[in-house]
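Quick caveat, the model's predicted, so the values are computed rather than measured. Both backbone and side-chain heavy atoms feed into the values below; hydrogens, waters and symmetry mates do not.
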Amino acid sequence: MALNTTEYALGHRCVWSTCNVTGYPSIYREYKVDCCTLSVPLNYARPNRSIAISMSRLSPLQSTSQNNTLFILMGGPGASGWNLLESAALLIPAQLGLTIILPDHRGTGLSTVLGCDDNDSQTITTGCITYLISKWDIEGLNQFSITAAAHDLSVQIQVYQADHPGRISIYAVSYGTLWLDRFLQIYPTLIPSAIMDGVINPILASVSRYDLVASNVGLQFLAYCQLQPECHSYFPTDQPPYVMLYRILAELDTNKQQCIKEYFNEYQINSETLRNLFFKMIQSGETYMDRTVIPAVIFRLNRCNIDDVKVLNFFFRSSLNKTDETETKENGPGFLNSKVLYLNIIQSERWLAPNESEIDKETVLAWHRSTLMAPNNSEQTISFRAQWPKYPLDQYYAKVASYSPLLMLSGQLDPATTFPLASQLASITSKTRTFYGIPLAGHVTVNIAKVGFYCPLHLMLAWAFPNNFPSEWSDPQCIRSLPTTLDFVGATPLGQEYSMKFLNISRPFGNDSYDSIPDSNFRLTKYIPYFCLMFILIFSIQYFFRIIVL
């Protein structure tokens, strides 16, 4: 890299001003919200062309004696920092006295957006590829990369610190952990501490296998119902929840799922709809309790009596018709998420792990059709795989930063960045990193604070700013107090609250026991391989609880 980012940062200053975005107030939860946009080289090796990079700031309205700043790196790739603003302000109250910075990765948000036309459209076509090459040329398009974003982050941090001396820490989620790792490889001395949550393994993880590994976590999740008598008792011996769901998906593929066919045509539910809906419910730490109704939904789709139809109608109406609030904010395409940036990075260095070979579209689609719960992000990626102009891999690819002190948090039931891959990364970085597994948590563990489980959030904050919080916040013994079972039946007030939210009844299964209805077309032998897999899953669950013993 020809440009010295420290010298560059010292020659530039942030002018903080109103952000001028639709749907976001300038004052939110006792924070003032403002923005800074910097001009940086498109190509740090040849700084003859510039782009904009932006960051938003949440400053406590009440002044504090200490100047502590937490940079939070968003996932994706392609998602902007604006996706985190509301959650960050909720989870980290202004009264704690921290300033929060949310950088927008180059290519998204208020940074220069990578789009398919002059209006930054995110509709991916062959014409989009032609436009990108025409606007940026191949060398320019290559600069919308993880490594370039790491250089951007160094500029943003050094520019900020020049005017605001104090402690800076970085908390990264999902793809942000890869962005952070790349930054720490190149700039290991700029910050005193860092945290990764929902950790991507740079060596083993690949997006091409995403649906398969996500579905495996869905299978493990349903195994918890089978392991708990109060949930398992609702299912016939030969049809545990995952077998019943496999059968329902197969029936949907052949238009033979009688309950949906007879009562729920208005929702246009197919196997893809159900897979994606259930995946969204298990995906995030934020949906920690949402997912607990899934076994009851499977049970009711199979039984389909009058009460089931009523409950399921409420579930589908509230779940499928729910509009994502972030999608209603009227800003430009690519403001919250740039699909073009996503594809540029995924196609170039995330589709395959280092030792994986190319796969064809038929294989990718067959993998997806075999899943229980999955988002189906791969079909568009594989469709443009051959055409996309991929940037060359650099010396940081598939490497791991040796930076310390670094904390890694991983949810046991994370379908996006799975616990086994995070554990493998922890095993080879144990000399420089501390790793905590969070039982039953999904993707991005601090979000379980939203339902009252504060341990991961406290661990993160105490690691970032050890002198600012009570000593017990840094004690991982709090992990022992987290739940190790899931409330599938509404046995707790919290379980009943979420059952009311999704099913409009306080107990997901109701008060009835299962009345088995024989199915002449069902053959238990067909599912023997899945029962074998269940034993493997039970073993893996036991293994998890052994390795988190502190």
Determine the interplanar angle of the F235 and F509 rings, folded into 0 to 90°, and report it as parallel if under 30°, tilted if 30 to 60°, perpendicular if over 60°.
perpendicular

Residues two or more places apart in sequence or in another chain: which of them pass salt bridge (Lys or Arg N to Asp or Glu O under 4.0 Å) with E358?
R385

Where do V297 and L503 come nearest, in terms of heavy atoms and distance?
CG2-CD2, 4.1 Å

Does the side chain of T22 reach to within under 4.5 Å of the side chain of F335, using non-hydrogen atoms?
no

Ring pair (Phe, Tyr, Trp, His ring centres under 6.0 Å) partners of F453, counting only residues at least two apart
Y288

For T485, side chain to side chain contact (heavy atoms under 4.5 Å, CB included) partners two or more places apart
Q228

Check the pair W82, M74 against side chain to side chain contact (heavy atoms under 4.5 Å, CB included), reporting the backbone distance first and the verdict last.
CA-CA 9 Å; W82 289 91; M74 180 53 184; over 6 Å; no

Do you know which of L84, I72, L85 makes side-chain contact (heavy atoms from CB on, under 4.5 Å) with I100?
I72

Does any part of the side chain of R291, heavy atoms only, come nearer than 4.5 Å to the side chain of L440, both counted from C-beta?
yes

For a quick test of reading the model, state the closest non-hydrogen atom pair linking I479 to P439 and the distance between them.
CG2-CD, 3.7 Å

More than 12 foreign heavy atoms under 6.0 Å from CG of N355: is that the case here?
no

If I take atom CD1 from residue I294 and atom CG from residue L245, how far apart are they, to the nearest 0.5 angstrom?
9.0 Å

Hits for ring pair (Phe, Tyr, Trp, His ring centres under 6.0 Å) against H232, two or more places apart or cross-chain, chain-then-number order -> none

Using the side-chain hydrogen bond (donor to acceptor under 3.5 Å, both in side chains) criterion, which residues pair with T371? Sequence neighbours excluded.
R275

Can you tell if the side chain of T126 reaches within under 4.5 Å of the side chain of F384, non-hydrogen atoms only?
yes

With heavy-atom distances below 4.5 Å as the criterion, would you say the side chains of M196 and D181 are in contact?
yes

Would you say Y171 and D197 are linked by a side-chain donor-acceptor pair, where the criterion is simply a distance under 3.5 Å?
yes

Where is the tightest heavy-atom contact between A416 and Y210, given as atom of each residue plus distance?
CB-OH, 3.2 Å

Run the side chain to side chain contact (heavy atoms under 4.5 Å, CB included) check on L58 and R29 step by step: do they pass?
CA-CA 10 Å; L58 282 70; R29 290 186 173 271; over 6 Å; no

Keeping S499 on the side-chain end and G495 on the backbone end, is there a donor-acceptor pair under 3.5 Å?
no

Counting only heavy atoms not in E266 (residues, nucleotides, ligands), do more than 12 fall under 6.0 Å from its CD?
yes

For K450, which residues count as a salt bridge (Lys or Arg N to Asp or Glu O under 4.0 Å) partner, sequence neighbours excluded?
E286

Does the D120 side chain pair with the main chain of P333, one donor and one acceptor, at a distance under 3.5 Å?
no

Spell out, as yes or no, whether a donor-acceptor pair under 3.5 Å connects the side chain of T417 to the backbone of I200.
no

Excluding sequence neighbours, so at least two apart, what forms salt bridge (Lys or Arg N to Asp or Glu O under 4.0 Å) with D104?
none

Taking everything shown except K390 itself, do over 12 heavy atoms lie less than 6.0 Å from its NZ?
yes

Restricting to non-hydrogen atoms, name the atom on G198 and the atom on D414 that form the minimum distance, rounded to 0.1 Å.
CA-OD2, 3.9 Å

Within this structure, what is the NZ-OH distance for the pair K310 and Y263, rounded to the nearest 0.5 Å?
14.5 Å

Please tell me if the side chains of I124 and V340 come closer than 4.5 Å, counting only heavy atoms from C-beta onward.
yes

Which disulfide bond (SG atoms under 2.5 Å apart) pairs, counting each pair once, include a residue from residues 252-312, with sequence neighbours left out?
C259-C304

Using ring pair (Phe, Tyr, Trp, His ring centres under 6.0 Å) as the criterion, list what pairs up with F264, not counting sequence neighbours.
F316

Kindly say whether S410 contributes a backbone atom to a donor-acceptor pair with the side chain of T445 at under 3.5 angstrom?
no

Any Lys/Arg nitrogen of E497 or K501 sitting under 4.0 Å from an Asp/Glu carboxylate oxygen of the other?
no

Looking only at the side chains, is there a donor atom on one of T292 and D487 sitting less than 3.5 Å from an acceptor on the other?
no

Taking the side chain from R106 and the backbone from F144, do they hold a donor-acceptor pair closer than 3.5 Å?
no

Got a donor-acceptor contact below 3.5 angstrom from the T418 side chain to the P415 backbone?
no

Spell out, as yes or no, whether a donor-acceptor pair under 3.5 Å connects the side chain of Q239 to the backbone of P236.
no

Considering all heavy atoms of both residues, which atom of G218 and which atom of I282 are nearest to each other, and what is their separation?
CA-CD1, 3.8 Å

Taken in chain and number order and not counting sequence neighbours, the residues that satisfy salt bridge (Lys or Arg N to Asp or Glu O under 4.0 Å) with D308 are R300, R303

Evaluate side chain to side chain contact (heavy atoms under 4.5 Å, CB included) for K261 paired with E251, printing each intermediate quantity in order.
CA-CA 10 Å; K261 185 176 181 179; E251 290 170 348; over 6 Å; no

Centres of the F221 and F488 rings: under 6.0 Å?
yes

Can you name the nearest heavy-atom pair linking L336 to N83, along with the distance?
O-ND2, 2.8 Å

Take R369 and D253 through the side chain to side chain contact (heavy atoms under 4.5 Å, CB included) test and state the conclusion after the steps.
CA-CA 10 Å; R369 287 193 296 269; D253 284 335; 5.8 Å; no

Quick one: pull up CH2 in W388 and OG1 in T381 and give me the separation to the nearest 0.5 Å.
9.5 Å

State the CG-CD1 distance between L301 and I248, to the nearest 0.5 angstrom.
5.0 Å

With W179 via ring pair (Phe, Tyr, Trp, His ring centres under 6.0 Å) - residues at least two apart:
H105

So, the side chain of Q347 versus the backbone of P389: is there a donor-acceptor pair under 3.5 Å, distance only?
no

Just wondering, do L320 and I269 contact through their side chains at under 4.5 Å, heavy atoms?
yes

For the NZ atom of K361 and the CD atom of E379, what is their distance to the nearest 0.5 Å?
5.5 Å

Is there side-chain contact between L459 and C478, with heavy atoms separated by less than 4.5 Å?
yes

Counting N and O atoms only, with roles assigned by atom type, does the side chain of S215 sit under 3.5 Å from a partner on the main chain of L212, one being a donor and the other an acceptor?
no

Excluding sequence neighbours, so at least two apart, what forms side-chain hydrogen bond (donor to acceptor under 3.5 Å, both in side chains) with S174?
H443

Taking N344 for the side chain and L141 for the main chain, is one N or O donor matched with an acceptor at less than 3.5 Å?
yes

When rounded to the nearest 0.5 angstrom, what is the spacing between CG in L204 and CG in L425?
8.5 Å

Quick one, D211 and S370 - any side-chain contact, counting heavy atoms below 4.5 Å?
no

